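Have a look at the structure that comes next, please.
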Amino acid sequence: SLCKLLTRTSSHAEKPTRAFRRAVSTAGPGRRLLLSTPIFYANGPPHIGHLYSALLADALHRQRGLRSAGPSRLSTGTDEHGLKIQQAAAAAGTSPPELCARISALFHQAFTQAAISFTDFVRTSEPRHCQAVCHFWAALQERGALYKGTYEGWYCTAEEGFLPESQLTERVDAQGCTHKVSAESGHEVHWTKEENYMFKLSAFQDPLQKWLRDNPRAISPEPFYQRVLCWLGEDLPDLSISRERSRLQWGIPVPSDSTQTIYVWVDALVNYLSVLGYPETHGEWWPAAHHVVGKDILKFHAVYWPALLMAAGLSPPERIFVHSHWTVRGQKMSKSLGNVIDPFACNERYTVDGFRYFLLRQGVPERDCDYYDEKVVKVVNSELADSLGGLLNRSTAPGINPSNTYPCFSETCFPKVVDYREAEALGRAAAEDYEFVVSVASLPLQVASYFEDFQIYKALECIALCVRQTNGFFQRHKPWKLDRKDPADKLWLDTIIHVTLECLRVYGTLLQPVVPHTADKLLSRLAVEPEERKISSLTFLPRYNGKPCPFEGRQLGPDTGILFHKLEKSSQHQIENKRL
Ligand code: ME8
């Protein structure tokens, strides 16, 4: 195949090929997979950080569907119990159920609007979830993982957890009073003493270490894997997993002891099982689960959750994908700073695909990323409107392609060569055209490998680079200067357009998980039928290898409109969350 021939001459194709084989071997056809986002606290409306988590999971989910890798589900939802919600409802002068219903609906709406392809939306106040949590609790108890103990320590309501002295600092308020606060979040902590159920977390230090050592890809990207290994090297105290009901009524009661409420984190984590029908049908899916989480909740997912699962007789999830945070003009997003960015307003202003593209293209899981409006306009205009849209426009313009068809490729103009330094003497394509075609041919594998490693931004970077190269190819040969009436020129003109459309077809196919509407528009314009849009059956330039190209001679799609309208630069500095 072209791919084989070309990858032999391309050193950078080595890595994706290996990674892709690994991807195929661990995720073979028919294999089920649950992808998940965290479930979000129903104490405030969604912001772009929440949307980012959902987009990452959505892109993985859509990409998997296009690879025909097997049935997959994408779960998301809202986390509705706990002191935090109880207090937020009181502050808003409403009841917890009313607050949760309202906020949960906003998350549902935001994700639907952003074309998140979720298959399950779970609310922890639903009976199916409460039943799953009770069953999970009973499993922990039956297996001897729980005991009753008196717990005292500094409790942080905002983080819903006890914090050790090492994670605290002091803050002096305007009145000169000193308060103990969490060093990480800055939220105040209170000394709390109560009788709780304790989970024997300390007993899982060795099993957790072994699990990670045996599964080096369990937590990605690598720095987060190392961080978890580091935590597991330190003391791992037992965990308090219930609260006195007198202090916390808004939660699930401990099944055998109504004076206690189940700790909100145990409650929340079980959502990944309740969406799978635990305790009845989860076995058909679990442990094939990939959790997308923010770095703030890494310990809960990479230490507590696997330990709880092992204690309940289940396996840890297969993979945990961790991402960092969006800041706004260098500051943490927070309601008190009033700089929370509203996803509804962003989708409206930048379009759904424009904003999806921006977040996934600019978000780097390993490090925090800064958001500002001018950057969105710049990235989206240059890459979606100018580079990709411009390329489609130029290569399908009536002046260039009057028959409005997918033109034919000519082997005479672009002959198959072993050493492309000789190319120019044989046909009309130059050595750099062969090099460019090599990079497009290796793109699908490269993109698959980046998705597999949770580096979607790198996949998009590679695609953007190839789009630029295709524009360069088109520009270099100035097809508008060729004479369609001259038979030799016509062959070459058609070949230039054919190669360009083949490239666009590859980009459209690979971009489907990220910009589904734009990709659909692009592929429809290229007359690519829905069943021809799978990544698994993507071929590039088959005519180069003497194979037939099903698109050759096809009439192009009727929608000749602009692929992506340029966004207007705005004088308004920031989209603020009007809902707050
Ligand atoms: O922690 N940038 O819910 P939560 C990027 N209910 N992502 C961000 C972000 C930012 N600035 N801020 C938040 C909870 N996120 C629990 C989870 S799961 C069983 C229970 C995203 O509403 C990121 O994914 O505080 C983070 O982990 C999550 O929202 C926290 O959402």
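Note that the structure is predicted; figures quoted are calculated from it, not measured. We count ligands from 1, going down the list as the structure has it; atoms in each ligand are counted the same way.
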In a table with atom names and distances, give each donor-acceptor pair under 3.5 Å that connects a side chain of residues 276-283 to protein atoms at least two apart or in another chain.
residue, atom, partner, partner atom, Å
Tyr278, OH, His135, ND1, 3.4
Thr281, OG1, Leu276, O, 2.8

Tell me yes or no: between the side chains of Glu222 and Gln226, is some donor less than 3.5 Å from an acceptor?
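A donor-acceptor contact under 3.5 Å links the two side chains.
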After noting the C-alpha distance and the side-chain angles of Lys458 and Asp453, does the key distance pass the side chain to side chain contact (heavy atoms under 4.5 Å, CB included) rule?
CA-CA 10 Å; Lys458 279 201 183 160; Asp453 289 342; over 6 Å; no
Among side-chain atoms of His179 and Asp173, is any donor-acceptor pair under 3.5 angstrom?
yes
As a test of reading the model: which N/O atoms of the protein lie under 3.5 Å from N/O atoms of ligand 1, and at what distance?
residue, atom, partner, partner atom, Å
ligand 1, 2 (N), Trp326, N, 2.9
ligand 1, 6 (N), Ile39, O, 2.8
ligand 1, 6 (N), Asp79, OD2, 2.7
ligand 1, 7 (N), Gly49, O, 3.2
ligand 1, 11 (N), Trp326, O, 3.2
ligand 1, 22 (O), Tyr41, N, 2.9
ligand 1, 24 (O), Ser53, OG, 2.6
ligand 1, 24 (O), Gly294, N, 3.3
ligand 1, 24 (O), His323, NE2, 3.4
ligand 1, 27 (O), Gly294, N, 3.1
ligand 1, 27 (O), Asp296, OD1, 2.8
ligand 1, 27 (O), Asp296, OD2, 3.4

Which atom pairs, donor and acceptor, lie under 3.5 Å between side-chain atoms of residues 229-241 and protein residues at least two apart or in another chain?
residue, atom, partner, partner atom, Å
Asp238, OD1, Leu201, N, 3.2
Asp238, OD1, Ser202, N, 3.0
Asp238, OD1, Ser202, OG, 2.6
Asp238, OD2, Tyr147, OH, 2.6
Ser240, OG, Asn196, OD1, 2.7
Ser240, OG, Arg243, NH1, 3.0

With ring pair (Phe, Tyr, Trp, His ring centres under 6.0 Å) as the rule and sequence neighbours excluded, what pairs involving residues 235-255 come up?
His81-Trp250
